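Accompanying notes for the structure given below.
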Amino acid sequence: MWRSRGPGPGLHDWASTGVGLLFCVAAVFVLYTNPSDGIAWAALAFFALCALVGATSLLHKLRRGRSRPRASTWSRVCPFAPPGPTCWCSALG
């Protein structure tokens with residue numbers, strides 16, 4: 001359920017980024033009401049890192065989902081590709 005079915009981002013990536021950002025907003029609200037609260041600073045730092053990791057994963061999967069495969073991968077995908085060095089090595093070895 002949490003895993004992505006395709007090359008793009010899944011529900012887990014969107015949820016981890018969103019939840020991290022929501023907790024950052026909550027920590028900023030606590031800091032606004034009580035600026036000397038040390039727990040709020042720690043929560044803001046922790047959840048900002050969580051949101052950063054989620055956003056990095058999300059952007060990486062969004063870029064990977066749109067990119068076209070490189071020419072070197074077609075020999076593994078297309079059965080009619082000309083034989084490469086891996087075919088010769090497996091035939092000889």
Side-chain angles (χ1 to χ4, degrees):
M1 177 175 149
W2 288 100
R3 295 195 181 242
S4 176
R5 299 282 183 223
L11 180 64
H12 183 264
D13 302 311
W14 290 102
S16 64
T17 304
V19 168
L21 289 174
L22 284 175
F23 276 111
C24 284
V25 169
V28 167
F29 177 73
V30 170
L31 281 173
Y32 179 73
T33 58
N34 189 7
S36 63
D37 193 9
I39 296 293
W41 285 107
L44 180 62
F46 177 74
F47 287 114
L49 286 174
C50 291
L52 180 67
V53 168
T56 303
S57 173
L58 187 67
L59 288 175
H60 174 70
K61 289 182 180 180
L62 280 172
R63 287 182 187 152
R64 188 180 66 186
R66 280 188 262 150
S67 66
R68 292 173 39 197
R70 290 186 244 156
S72 63
T73 60
W74 282 108
S75 61
R76 295 184 200 127
V77 175
C78 181
F80 303 110
T86 55
C87 291
W88 292 113
C89 290
S90 62
L92 296 174

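If you're wondering where the values come from, they're calculated on a predicted model, not measured in any experiment.
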Q) Closest approach of A27 and A40, non-hydrogen atoms and distance? A) CB-O, 3.9 Å
Q.
Testing the basics here: between C24 and L44, what is the closest heavy-atom pair and its distance to 0.1 Å?
A. O-CD1, 3.8 Å
Q. So do the side chains of N34 and S36 get within less than 4.5 Å of each other, counting heavy atoms only?
A. yes
Q | Pairs satisfying ring pair (Phe, Tyr, Trp, His ring centres under 6.0 Å), at least one member in residues 19-42, at least two apart | A | F23-F47
(Q) To the nearest 0.5 Å, what is the distance between OG1 on T56 and NZ on K61? (A) 12.0 Å
Q.
Nearest 0.5 Å, please: how far is OG1 in T17 from NE2 in H12?
A. 9.5 Å
Q | Counterpart residues, side-chain contact (heavy atoms from CB on, under 4.5 Å), relative to L22 (two or more places apart) | A | none
Residues 48-55, side-chain donor-acceptor partners within the protein, below 3.5 Å, at least two apart:
none

